[in-house]
Amino acid sequence: MLLASTQHALLKSPFSSQSPSPSPLSPRFRMSSAGPALPPLSDDRIVVGCGSVTLDFLAAVATYPKPDDKTRSTSSKVQGGGNAGNALTCASRLGLQPRLISKVADDSQGKGILEELEADGVDSSFIVVSEGGNSPFTYIIVDDETKTRTCIHTPGYPPMIPDDLTESKLLAAVDGARLVYFDGRLHDTALVIAQEATRRGIPILIDAERKREGLDDLLSLSSYAICSAKFPQSWTGAPSVTSALVSMLIKLPNLKFVVVTLGEDGCIMLERSNENGLMEEVDVDELLVALKYKNDSKTILPTCVASSEVKLHAKGIGTVGGRLLLGTAEKIPPSELVDTTGAGDSFIGSILYALCTNMPPEKMLPFASQVAGINCRALGARTGLPRCSDPRLISFLV
């Protein structure tokens with residue numbers, strides 16, 4: 001049973017259910033022989049990212065091998081990886097102008113990492129190249145049966161330190177940036193960049209995958225947070241995901257929104273709003289139940305349902321003004337699901353695009369979920385990354 005206050009908050013809403021527009025094959029979109037016109041991108045689309053880049057060695061196997069077993073791969077690929085590298089590659093393919101700050105060695109792997117980024121339109125001129133050492137790399141085993149992947153990472157050496165990034169390079173990197181993004185790694189260098197971004201009033205997006213050294217400092221300066229499924233409760237100690245999101249907004253007053261990604265279960269977003277003028281108070285856990293009830297579970301493509309702006313209360317934690325949004329993931333047929341490597345990175349790359357194009361949250365969440373779903377249909381974190389002209393994205397953009 002829902003409390004009356006929760007029911008009322010939904011009934012009086014702008015309670016919205018955001019579904020994609022009709023199929024690109026619909027007559028509505030046959031506007032010209034050239035196809036539907038996409039919204040124009042502004043010149044203000046430079047994003048700066050700081051974090052990991054690697055070379056990924058991927059091997060898909062029929063089933064994950066047992067100890068001391070030998071097995072053959074069903075397919076394999078060698079390509080660039082790393083959270084920041086993947087997310088900015090996604091952003092570039094969607095039309096942004098990314099600059100990446102990271103570090104590799106002057107070995108063959110480092111050369112390959114840089115060449116691939118440049119080929120995808122990512123500015124690698126701010127990546128430090130060390131003399132000697134080794135570039136980071138990761139072995140990834142993809143289980144065709146369970147659709148899971150196992151990663152074995154070897155960090156690069158020597159590690160990046162703040163002195164690697166000269167002041168002139170730092171200033172040039174953030175000059176003209178619309179957003180700055182961190183994947184939580186290279187925390188000492190990231191904090192220097194974050195402090196400069198804050199001085200310039202540049203919003204920061206943080207990928208909160210798990211607790212890391214220095215992450216709290218970055219979170220305190222961030223405007224937007226994208227979290228893995230377990231992070232909000234792990235970081236706050238709250239009893240539920242939604243109460244943890246409330247706790248994060250209370251503890252981090254600079255955050256405008258926080259999103260937790262839930263894999264095939266979609267995502268949940270808590271967007272802050274001004275409490276002034278909000279009369280109604282709703283239990284956030286009950287509100288999530290109401291959103292799940294309102295959601296159409298039969299829809300294949302990603303959708304989003306949103307509450308109205310209310311005071312969101314979490315028992316024993318506190319209250320914030322805002323909206324709760326529930327986004328669904330694409331229901332990918334098992335025969336089409338290949339590899340989930342980089343799904344979260346492509347979601348973040350899409351959020352970067354959405355923020356740069358002023359996309360409202362009700363459209364942003366389904367769009368990001370669709371990009372992630374498309375990417376899961378190919379081996380590797382970057383193979384399936386789409387461009388905005390991809391027919392599978394048109395209905396989310398037009």
Listing request: all salt bridge (charged side-chain N to carboxylate O under 4.0 Å, His left out) pairs with a residue in [range], at least two apart in sequence or in separate chains.
{"range": "residues 243-269", "value": "none"}
{"range": "residues 367-379", "value": "Glu330-Arg377, Glu336-Arg377"}
{"range": "residues 144-167", "value": "Lys103-Asp164"}
{"range": "residues 75-94", "value": "Arg93-Asp120"}

Output all residues satisfying ring-ring contact (aromatic ring centres under 6.0 Å, His included) with [X], sequence neighbours left out; order by chain, then residue number.
{"X": "Phe367", "answer": "Tyr353"}
{"X": "Tyr139", "answer": "Phe57, Phe137"}
{"X": "Phe126", "answer": "none"}

Considering non-hydrogen atoms only, spot the tightest contact between [X] and [Y] and give its length.
{"X": "Ser346", "Y": "Ala372", "answer": "OG-CA, 3.3 Å"}
{"X": "Ala87", "Y": "Ile348", "answer": "CB-CG2, 4.2 Å"}
{"X": "Ala197", "Y": "Val180", "answer": "CB-CG2, 3.9 Å"}
{"X": "Cys267", "Y": "Thr261", "answer": "CB-CA, 4.2 Å"}
{"X": "Gly318", "Y": "Val246", "answer": "O-CG1, 3.8 Å"}
{"X": "Gly321", "Y": "Leu278", "answer": "CA-CD1, 3.9 Å"}

Check whether any side-chain heavy atom of [X] sits under 4.5 Å from a side-chain heavy atom of [Y], and report yes or no.
{"X": "Met269", "Y": "Leu324", "result": "no"}
{"X": "Ser350", "Y": "Cys90", "result": "yes"}
{"X": "Leu379", "Y": "Val142", "result": "yes"}
{"X": "Leu221", "Y": "Leu191", "result": "yes"}
{"X": "Val47", "Y": "Arg99", "result": "no"}
{"X": "Val104", "Y": "Ser130", "result": "no"}
{"X": "Thr328", "Y": "Cys304", "result": "no"}
{"X": "Ile140", "Y": "Thr150", "result": "no"}

Would you check, one step at a time, whether the test side-chain hydrogen bond (donor to acceptor under 3.5 Å, both in side chains) holds for Ser76 with Ser73? CA-CA 7 Å; Ser76 62; Ser73 63; 4.8 Å; no
For [X], all residues meeting side chain to side chain contact (heavy atoms under 4.5 Å, CB included), sequence neighbours excluded:
{"X": "Pro334", "value": "none"}
{"X": "Gln233", "value": "Val241, Ala244"}
{"X": "Glu118", "value": "Asp123, Ser124"}
{"X": "Pro386", "value": "Val371, Ile374, Asp390, Leu393"}

Determine whether Ile46 and Leu352 fall in the same hydrophobic cluster, where Ile, Leu, Val, Met, Phe, Trp and Tyr are linked whenever their side-chain heavy atoms lie under 4.5 Å apart. no
Donor-acceptor pair between [X] and [Y] side chains, under 3.5 angstrom:
{"X": "Asp217", "Y": "Ser220", "value": "no"}
{"X": "Gln79", "Y": "Thr383", "value": "yes"}
{"X": "Asp69", "Y": "Thr71", "value": "no"}
{"X": "Asp183", "Y": "Asn83", "value": "no"}

How many angstroms lie between OG1 in Thr236 and CD1 in Ile317, if you round to the nearest 0.5 Å? 6.0 Å
Nearest 0.5 Å, what's the CD-CZ distance between Glu271 and Arg323? 4.5 Å
Residue pair Glu209, Arg185: steps toward the salt bridge (charged side-chain N to carboxylate O under 4.0 Å, His left out) verdict: CA-CA 10 Å; Glu209 185 179 35; Arg185 296 170 177 82; 3.4 Å; yes
Could you go step by step and tell me if Val48 and Ile101 meet the side chain to side chain contact (heavy atoms under 4.5 Å, CB included) rule? CA-CA 8 Å; Val48 177; Ile101 300 171; 4.0 Å; yes
Counting N and O atoms only, with roles assigned by atom type, does the side chain of Asp175 sit under 3.5 Å from a partner on the main chain of Leu171, one being a donor and the other an acceptor? no
Between Asp143 (side chain only) and Thr148 (backbone N and O only), is there a donor and an acceptor less than 3.5 Å apart? no
Of all residues at least two apart in sequence or in a different chain, which pass the salt bridge (Lys or Arg N to Asp or Glu O under 4.0 Å) check with Asp107? none
